[in-house]
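Here the structure is laid out as structure tokens; the discussion comes afterwards.
A, B, ... follow the sequence lines: proteins, then strands. Residue 1 opens every chain.
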Amino acid sequence: MSDGFGTLDHVYVVVAGETVLPVGAAGGGPGDGETALPVDDAGGRETTPPVGGAGGRPGDREAGLPVGGAADRSGGLGAGLPVGGPDGLARAVRELEEAEGPRWVWADARETYPPLLERGVRVARCHDLALTEGLLLAYEGRYGEPRSARAAHARLHGLPVPDEQPNAPGTLFAPEPLGAREVAEVLTDQLRRIAALPEPGRFRLLVAAESAGALVAAEMAHEGMPWRRDVHDALLTEMLGPRPVHGMRPARLQALADEVAAAFGHQVNPDSVQQLVKAFKGAGVALKTTRQWELKQIDHPAVAPLLAYKELARLFSAHGWTWADQWVRGGRFRPEYVVGGVVSGRWATHGGGALQIPKVMRRVVMADDGWMLVVADAAQLEPRVLAAMAGDVGLARAAGEIDLYSALAQSFGGERANAKIAMLSAMYGGTSGDASKLLAVMRQRFPKAYQFVEDAAKAGEEGRLVRSWLGRTSPPPSERWKELVSGPEGGRAARDRGRFTRNFVVQGTAAEWALSLLAVLRGRLPEPARLVFFQHDEVMVHCPAELADEVIAAVAGSAAEASRLLFGGTPVRFPMEAVAVKSYADAK
DNA sequence: AACCGGCGCGCC
DNA sequence: AAAGGGCGCGCCGGTT
């Protein structure tokens, strides 16, 4: 109950956005009907017991979803509860939520939840059929097949599978919403497929966390991140000059463009790579690209104004006045989050560029009067995740410290920087500079961690799938890759994919930890605190000032709980220090 | 006019 | 010295 994922008592299916259907008591308290999850019984995937072993039954405390309860009863569906439109639905959901706290089952939270939020209704947990179907399809090596509940239902019955886009061009009619029986059938099928997995407990945790993510994403889009347009405008004006009329460059940008032109002695569009390369060539400077680091090596009077131009031009085009007109309303920035939008399980955004807000803009994010922003990010999350997954005792010991890299330094000639390069190279597949030398040290000192990512890389190079700790599965290699890998450039293609799969297992598990943290934290926040931002390993909560301490404590507790949910009794620590600030810029 | 790949750079 | 994972997005410039 208190673990944030909750115990399932009842399942309610929301059908067609306006019917609530009790599917019946699913039964089962925590662990009920759940056998112990054999962590080292990998059943087709290579895993290692969590470091420390004791209590290490990932997912076993999650008690998130029924194994067969709802499924068994779905054949005996009662009549739906017609609730009469969105207002009636909101009323019904609110009442049932308060009375019973069920897990809501719906085809797609993106469609069902926002209308509820608009009517002030929030729910504690759900099972999102589309997200779950996506996870299952990927696990089954069927990545990319349509994952909507309707598509899942069609596959179940051998019917033509509809396109992913319900209103794709050429589609004359939106499909009929799924009925209660259909939704229940898809749920039953998914629960059956999950139960048949080698690690059902882990996957249930993944499904519960992913579904909770869908709730958080909708809530954050509804709430919005505080964004002071007056501060934003002042910042832009300070850096660029006053807002220009449409289609014009701001004064400061134009002045820099003129400086670049003067340095070359003729007009050059500083936004055009081709023109720049040509202009530098005319000045006797050979360039392959116009990237910052390459420009910085060059001694030419155009370089300084060009670099300044590039920095400001990006600010102007990506987060300038036009951007604010589009994305900021009522003092809130409302991006569209895409849960699981990255194959590794990280979130993406669609529009708004919420995950690329320049650091210089953070001062624009300010708490309302009397409120604070609690900002927290997980320190060195990926190496810690690797230590826990691999069960590498030495690395886990270092990961018991607040600064993991400092703790590793003695293994790398006392150099913290070298420890960091070694870890990053292991996780990203780096080869340049000192990487190979440092990796050799890593192989010797932390053999299990080293072997863990090497195995993942090897799987990728051979075209096999890899999975995160909870079972999120990499996409299979493309047909194009298979052709390429047997050709003359095959080695390159294989290594490229090896780097991808090497990173996938770490990034994917880090995303699972962060998602679990988010889900737990969401359930522990005191009213009226609200999650307003989430960026891979960082969260932001907007709350009344007097609740800040409570929120900070909730963050720390949630981080510990997320670690326990994923890795049981691992000695690896996952520090997540939260600070309360008025402005995002004041965090760290 | 619309589309698209390449580039460059913002974030983690 | 300038590489090694994941993204989104705006701009350029060539193609349809």
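Ranked by how close their nearest DNA chain C nucleotide is to the 5' end, A:T349 and A:R346 are led by A:R346. Nearest-nucleotide positions on DNA chain C place A:W293 closer to the 5' end than the other of A:G353 and A:W293.
The side-chain ring of A:Y428 is not stacked on the base of C:dG4, judged by centre separation under 5.5 angstrom and plane angle under 30 degrees.
Rounded to an integer number of Å, the gap from CG of A:L312 to C1' of B:dG10 is 14 Å. Residue A:F500 contributes atom CZ, which lies 21 Å from atom P of C:dA3 at whole-angstrom precision. Between the CE atom of A:M423 and the P atom of C:dG5 there is a distance of 17 Å, given to the nearest Å. If you take CE of A:M225 and C1' of B:dC11, they are 12 Å apart, rounded to a whole angstrom. The distance from atom CH2 of A:W323 to atom P of C:dC9 is 12 Å, rounded to the nearest whole Å. As rounded to whole Å, 5 Å separates atom P of C:dG5 from atom CZ of A:R499. If you take OH of A:Y309 and P of B:dG8, they are 15 Å apart, rounded to a whole angstrom. Residue A:Q535 contributes atom CD, which lies 13 Å from atom P of C:dG8 at whole-angstrom precision.
Contacts of A:G433 with the nucleic acid, taken as non-hydrogen atoms under 4.0 Å apart, are absent. The residue A:E382 sits apart from the nucleic acid: no heavy atom pair falls under 4.0 Å. A:I357 comes within 4.0 angstrom of sugar-phosphate atoms only, judged by non-hydrogen atoms across all strands, and of no base. Across all strands shown, A:H319 has no heavy atoms under 4.0 Å from either base or sugar-phosphate atoms. Heavy atoms of A:Q507 sit under 4.0 angstrom from at least one base atom. Using a 4.0 Å heavy-atom criterion, one finds that A:Q292 contacts the sugar-phosphate atoms exclusively. Among the protein residues, A:G352 comes within range of the sugar-phosphate backbone only, with heavy atoms under 4.0 Å from sugar or phosphate atoms but none that close to a base. Among the protein residues, A:V506 comes within range of no part of the nucleic acid, since none of its heavy atoms lies under 4.0 Å from any strand. At a threshold of 4.0 angstrom between heavy atoms, the contacts of A:R291 are confined to the sugar-phosphate backbone, with no base atom among them.
Judged by distance alone, with hydrogens and angles left aside, the side-chain atoms of A:K310 form a donor-acceptor pair with the main-chain N or O of A:T290 at under 3.5 Å.
Closest to the side chain of A:Q275, from the set B:dG8, C:dG13, C:dC11, is C:dG13. The nucleotide whose nearest atom lies closest to any side-chain atom of A:R362 is, among B:dC11, B:dG8, C:dG5, B:dC11. Here C:dA2 is the nucleotide among C:dG8, C:dA2, B:dC12 with the atom lying nearest to any side-chain atom of A:Q297. Listed nucleotides: B:dC12, C:dC7, C:dC11. Nearest to the side chain of A:D537: B:dC12. Ranking B:dC12, C:dC12, C:dC7 by closeness to the A:K359 side chain, first place goes to B:dC12. You'll find that the side chain of A:N269 is closest to C:dC12, out of B:dC12, C:dC12, C:dG6. The A:Q356 side chain lies nearest to B:dC11 when the options are C:dC11, B:dC7, B:dC11. Distance from the side chain of A:S317 is smallest to C:dG10 among B:dG10, C:dG10, C:dG6. Closest to the side chain of A:A348, from the set C:dG8, C:dA2, B:dG10, is C:dG8. Out of B:dC9, B:dC12, C:dG14, the shortest distance to the side chain of A:Q274 is found at C:dG14.
Paired with A:R502 under the rule side-chain hydrogen bond (donor to acceptor under 3.5 Å, both in side chains), one option of A:E461, A:E454, A:Q507 passes, and it is A:E454. If you run salt bridge (Lys or Arg N to Asp or Glu O under 4.0 Å) between A:E219 and each of A:R522, A:R334, A:R530, only A:R522 comes through.
A parallel orientation is assigned to the rings of A:W513 and A:F574, their planes being inclined by less than 30° (bins at 30° and 60°).
Put simply, A:S272 has a side-chain N or O that comes within less than 4.0 Å of OP1 or OP2 on C:dG13. Remark: A:N503 is not in phosphate contact with C:dG4, judged by side-chain N or O atoms under 4.0 Å from OP1 or OP2.
When the shell of 6.0 Å around NZ of A:K420 is examined, it contains 12 or fewer heavy atoms from other residues, nucleotides or ligands.
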Quiz item: Do A:W327 and A:W321 pass the ring pair (Phe, Tyr, Trp, His ring centres under 6.0 Å) test, and can you show the C-alpha distance, the side-chain angles, and the key distance before you say yes or no?
Solution: CA-CA 10 Å; A:W327 293 102; A:W321 291 277; over 10 Å; no
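At a threshold of 4.5 Å between non-hydrogen side-chain atoms, the residues A:M225 and A:R332 do not count as touching.
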